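Working notes, beginning with the structure itself.
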2 protein chains.
Amino acid sequence: MATIKDIAKSAGVSVTTVSRALNGYSDVNDKTRKLIEDTAKQLNYSPNTLARSLVMNKSQTIGLLVSELNRSGAKDMFTYEVMCGINDSASDVGYDLILFSTNSVMQKQKSYTQLCRERQVEGVIMQGIKMDDPYIKEVIDSNIPCVFVDVEVEGKDVGYVTTDNVFGAQMAVKHLINLGHTEIAMVNGHDQAHVSAKRRKGYERELTDAGLPVRDTYILNGEFLEPMAEAAAFPFLQAHPEVTAVFCASDLMALGVMRAAKRLGLRIPEDLSIVGFDDIVLSEYTSPPLTTVGQDKYQMGYEAAKLLTSILKNDDPNQKMCVLDNRLIVRETTAPPRK
Amino acid sequence: MATIKDIAKSAGVSVTTVSRALNGYSDVNDKTRKLIEDTAKQLNYSPNTLARSLVMNKSQTIGLLVSELNRSGAKDMFTYEVMCGINDSASDVGYDLILFSTNSVMQKQKSYTQLCRERQVEGVIMQGIKMDDPYIKEVIDSNIPCVFVDVEVEGKDVGYVTTDNVFGAQMAVKHLINLGHTEIAMVNGHDQAHVSAKRRKGYERELTDAGLPVRDTYILNGEFLEPMAEAAAFPFLQAHPEVTAVFCASDLMALGVMRAAKRLGLRIPEDLSIVGFDDIVLSEYTSPPLTTVGQDKYQMGYEAAKLLTSILKNDDPNQKMCVLDNRLIVRETTAPPRK
DNA sequence: TTGTAAGCGTTATCAA
DNA sequence: TTGATAACGCTTACAA
């Protein structure tokens, strides 16, 4: 592998000149530059970013920390789509992405800060992380710039990207109320997710605004998992025939509720209306197709990387968060209640 | 950020000793080691892998080159699941992953070799790349170890992981023949995919083995895309009512054919049997659920990274490829033909 | 068992 | 406009 030394020797100039010529500095003679560029090409030179990063103390790398990057994520594609957005945005501004995957085992061995500093990443994007994850505290304490996806944490050089979860939930519930439903249950995700609290808040607020009672017994825990949602919904729906609609905090859980309803012989949407959240790819393909609150996952990723790079450049010190819109997508799992 | 120099100074020893102590060399006094480890902890030291890589000329990094890492991949989840496998396998052996995403624009600016050398990756895994992609030739020419997913290329330090596509296709077609079908069409992917040729070969071989004719007009091109498959299948099925079964080279294309069939008023599987390939998440959720040839995508990724690291360690110079099994998953899109 | 010194491939400071 | 030289944080002969 050719280095600038080789070029310098071959071109008969000093390494300093080579470095400056190749980096486009103005204080180098056109003829010299031409000569250097030619020999560089001839020697098939590529710069060594490791060495450059070392001396400049800038790695042009963003760490991507995905908690439990694993197959279970395959179903909702959330992680993947966000990642695509991050990737596009990062490469737009010349950053490379390094993938840290962590699980609780590794986490015990290596702290967040260690992970980042070892690889000298300039900043990190964290995704799929639970509110009680020890990494979060570390991030606040460390001074490594970081952007969270769907966790509302703020601090010096720490920001987040999310969608308006309260509003999204309100839209979903309002849609059901407008159809005439009054007995509306909710299947929520686990408490360790920021979005759970938000979506519940939207659910409760909308009920209250419509003058409907909020009943704790109507709120089930589906852990964001399809089978857990099914397991929770089955006995509930059996015990509560008065319930005509269910709002689910994720599409995956909505699938579980659909399964439970089918096992109980309930027709969707005639006997039971269901609304999900996320608009995962699957939701278009279920039968019937799922009404849901759509989030632009790609854009979330794109904005996350954009926010991080702007923090890195210290563009706008006040811009520490990004709340995107979401929208109601009415498909075929919702209809007026049967009376 | 503390460096070994800081530790050396603070502990009153030389940097050499610090380096050796921290790296577990045996030729260092237990007491000294203890002292060094303590001060390292106290100073909250993390090693700088950049510096280490530079001097050792080993980056402990694998490049992940995904052609067009984008939203269109969201539907089949193929890329994502393979990535999960790669990630797990790589972290098992202490490698980090750096994500190169390329599109044809960037590719013009930067060659494969440049990309790799700049970031000093030790090896690369290439995924989603077409047979006519210029990067492939570059790989062969460069001497950077590389493993392809689903492209059968071999060379010095170059290998691949795939599943037995010919056999998979044969299973699919045999299943249809066993059900009693004789007029079996195929919707294939584009010619730039290695797997297209293989799956076609399996299709033709199985027909021939069963004494059935192979008709070129029965082989359509769906470009691996759902809408293209639908567009190709619609007029074909209309013009060929004698066809009672279709084998598709991907599940996504099978979805397209199902759409076309529905538009033509054909019932699945009564009027038309359909078999896909891949076993994507969606295939379980279509109505009816899709019969398909399942590939373990996670395992493909896992084996790819394992193969690459074994090439890097020069474990077994003859082990340059890995062909995994696939299996027929019979769901509800296949049935005996109506007579 | 420990330390000195050179070197990895860059960039940056300063003087020429 | 150019070139010595030091520095980035680390590993590794080699010497002590």
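The model shown is predicted, which means the values in this text are computed figures rather than measured ones. In the text below, chain A, chain B and the rest are named by the order of the sequence lines, each starting its count at 1.
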If each of A:Val15 and A:Lys5 is mapped to the nucleotide of DNA chain C with the nearest heavy atom, which maps nearer the 5' terminus, i.e. the 5' end?
-> A:Lys5
Base C:dT4 paired with B:Thr16 side chain (donor-acceptor, <3.5 Å) | yes
Given D:dC14, C:dT13, D:dT11, which nucleotide is nearest the side-chain atoms of B:Arg20?
-> D:dC14
Counting side-chain heavy atoms from C-beta on, which of C:dT11, C:dT2, D:dT1 comes nearest to A:Met56?
-> C:dT11
Given C:dC8, D:dT11, C:dT2, which nucleotide is nearest the side-chain atoms of B:Leu54?
-> C:dC8
Reckon A:Tyr25 has a side-chain N or O less than 4.0 Å from the OP1 or OP2 of C:dT11?
-> no
Which is true for A:Ser53 with a 4.0 Å heavy-atom rule: it touches a base, it touches only sugar-phosphate, or it touches nothing?
-> nothing
To the side chain of A:Ile4, which of C:dT11, D:dT11, D:dT1 is closest?
-> C:dT11
Looking only at C:dG9, D:dT2, C:dT2, the nucleotide nearest the A:Asn48 side chain is C:dG9
Per the atom types in the model, does the base of C:dA12 pair as donor or acceptor with the side chain of A:Ser19 at under 3.5 Å?
-> no
side-chain N/O B:Thr32 vs C:dT2 OP1/OP2, d < 4.0 Å = yes
Among the nucleotides D:dG3, C:dG3, D:dG9, which one has an atom lying closest to any side-chain atom of A:Val13?
-> D:dG3
